[in-house]
Amino acid sequence: MSTALESEQTFVDKFPDEARVVRAAFLSSFFALFLGAVFGIIQTLHRTDVARIIPSTDYYTVLTAHGVFMVISFTIFFLVGLFTWAVTRSLDRPLLNIKITWTWYGLMATGMTLTGISILAGFVDSIDMSADVLYTFYAPLQAHPLFYAGLAVFIVGTWIAGADWFRTFLAWRRDHPDERIPLQTFMVLTTMTMWYIASSAVAASVLLFLLPWSLGFIEQVNPTLTRTLFWFFGHPVVYFWLMPAYLLWYTVLPKIAGGRLFSDPLARVVFVLFVLLSTPVGIHHQYLDPGIAEGFKFISMTNTMFLLLPSLLTAFTVVASVEYGARKNGGSGLLGWLTHLPWRKPEFTGMMLAGLMFAAGGFSGMVNAGMNINYLIHNTLWVPGHFHLTVGTAVALTMMAGIYWLWPQISNKPIYSSQIGLFQVVLWFIGMALMSNAMHAQGLLGVPRRTAEPEYSGFDYPTMFGGFEELNIQIAIGGTLLFVSTILFLGNLALTMGNPKVAGLAEPLPSPVSGAEDAPQVLDNLRLWVSIALVLVVLAYALPIAAIISRGGLLGPGVGT
Ligand code: HAS
Ligand code: CU
């Protein structure tokens with residue numbers, strides 16, 4: 001029997017052991033965010049020639065550290081924390097064995113520490129170790145073996161985390177044979193399914209090629225093959241970052257808006273579409289690679305265009321759910337309902353601004369995905385412009401905003417200051433609007449990405465509005481605002497942790513307007529979706545990979561053919 005008292009319990013009241021893991025994962029995530037932000041500000045001021053505190057020879061070390069700490073460490077530690085919360089909360093039962101839970105957390109933390117050390121050692125000339133391979137780490141760039149070994153340990157940690165959640169789900173299933181999979185657990189299981197498929201390729205690339213090559217066991221590798229295996233993983237990984245944000249948009253944002261999720265079935269459809277379509281599209285990062293036939297690139301483009309669908313459905317469902325809340329609270333009119341929303345709450349405004357920016361990021365993604373226009377923007381600063389809207393805002397800002405709602409649930413401590421929180425999320429939005437817009441614009445001017453010295457003084461009218469140098473100023477100001485915003489976020493969280501515990505913070509999540517009972521049973525048939533996903537992967541990748549190996553050899557030209 002669920003009593004009123006129970007619904008007044010927070011997550012930490014009910015599941016103190018799990019809450020500890022969730023907090024540890026979030027804190028690891030935010031430690032990485034801090035490091036990533038420090039390297040971010042160094043880099044933005046260096047590239048725009050505002051302040052050069054590192055020699056340009058260290059630029060790639062900074063860029064690698066920024067990328068790896070942000071998109072591998074910050075995002076994925078947040079994900080495992082959030083998913084642990086979501087599975088436990090929605091199944092309403094503890095994880096099977098908390099020791100296993102701590103084991104995967106420990107593996108992830110150890111792996112990331114090793115990888116982090118190998119990168120940071122690049123700054124110390126007296127140590128013969130470096131890993132300036134950028135967060136994409138494919139050949140021909142080569143890192144110290146510790147970099148790959150750390151990554152491998154980290155990924156194994158995420159695999160065990162997935163197994164932990166699946167096992168807990170199966171135990172729940174035995175007790176509830178006829179019930180629908182609770183929505184949050186459904187989201188976790190589908191996302192992890194995608195992750196297993198995607199990360200198998202990068203694991204193969206690291207264990208079979210990159211690590212043995214870096215250890216000197218094999219002399220060379222086939223760079224096109226390691227690039228292709230990377231992008232097999234490299235596209236779906238962006239949805240691995242995005243799905244925690246979607247989970248919050250679907251299941252928490254409607255509650256904060258004072259409403260309910262509009263449609264549970266539609267949410268399930270979206271996550272199933274991601275399982276099916278996330279992987280057979282990776283070649284859209286390789287439109288300019290020689291060695292892959294145009295036809296395969298065309299197939300990848302077609303799949304990518306279909307892959308827009310789940311995000312477009314998300315835009316509809318999430319906005320509809322928020323509108324439902326606003327209208328329930330007295331909002332009316334075509335747009336008048338927008339004034340009946342809790343804009344003073346940082347968790348609400350942060351997620352909404354993140355969504356708004358994702359609409360822009362989605363559009364630049366559509367540009368990227370077109371084979372012909374891709375030639376215009378590939379390897380220019382447009383691409384970092386794109387991903388600072390997607391992972392850098394849709395994901396990062398949603399995660400920060402989510403913490404303003406989640407942290408009290410997992411610690412019984414109220415947020416230190418909602419005002420600072422509100423200021424912080426708005427500052428992020430302004431900083432990113434400046435930085436990312438200017439990056440897109442510079443990309444169109446032909447400014448390359450991944451270079452320390454983008455000196456384009458040869459441009460006509462370099463200082464005019466929209467010219468190279470003026471855009472540099474926008475990037476530098478934007479980057480600085482983002483750094484300040486991050487520090488405000490971390491400071492607010494640290495002060496929150498110092499707050500005394502209080503009672504009465506519980507915020508139970510409401511059920512959807514259209515619930516799981518309206519969703520066709522087949523949506524919960526994970527076996528079916530995995531099988532179809534695997535067939536699609538084979539169709540998209542078997543021939544291109546076979547062609548790459550038959551032309552270039554398993555271990556590069558002249559070897560292994
Ligand atoms: Fe991307 C490159 C195509 C989404 C991240 N992408 C990158 C790279 C990264 C990245 C990191 O086709 C660089 C990799 C590198 O280092 O080389 N991307 C796409 C497409 C999508 C897309 C088609 N990307 C993402 C997401 C990312 C991400 C998500 C991270 C999380 N991307 C590409 C391509 C390249 C690429 C090419 C290669 C470029 C090159 O040449 O190198 C789609 O998934 C986007 C779909 C999104 C939408 C938007 C829907 C809008 C919503 C908003 C709802 C509004 C709300 C609030 C909730 C269609 C859901 C409303 C607010 C109110 C106030 C009312
Ligand atoms: Cu992609």
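First listed ligand is number 1; within each ligand, the first listed atom is number 1. Residue numbers start at 1 and run along the sequence shown.
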[X] heavy atoms, cut-off 4.0 Å: which ligand 1 atoms fall inside?
X	answer
A315	51 (C), 52 (C), 54 (C), 60 (C)
Y135	11 (C), 13 (C), 14 (C), 15 (C), 16 (O)
H378	40 (C), 41 (O), 42 (O)
A369	12 (O), 37 (C)

Side-chain (T390) to main-chain (G361) donor-acceptor, under 3.5 angstrom: no

[X], portion touching ligand 1 at heavy-atom distance under 4.0 Å:
X	result
R449	side chain
F358	both
V318	side chain

At the 4.0 Å heavy-atom cut-off, does [X] count as touching ligand 1?
X	value
L307	no
M351	no
Y239	yes

Apex the Cu ion (ligand 2); atoms H285 NE2 and H284 NE2; angle rounded to 10 degrees: 100°

Metal proximity, H386 vs atom 1 (Fe) of ligand 1, N/O/S cut-off 2.8 Å: yes

Heteroatom proximity flag, [X] to ligand 1, N/O under 3.5 Å:
X	answer
H235	no
W231	no
N374	yes

Considering only N, O or S atoms of H235, the one closest to the Cu ion (ligand 2): ND1

Of N472, T380, T48, the residue whose pairing with Q442 passes side chain to side chain donor-acceptor pair (under 3.5 Å): N472

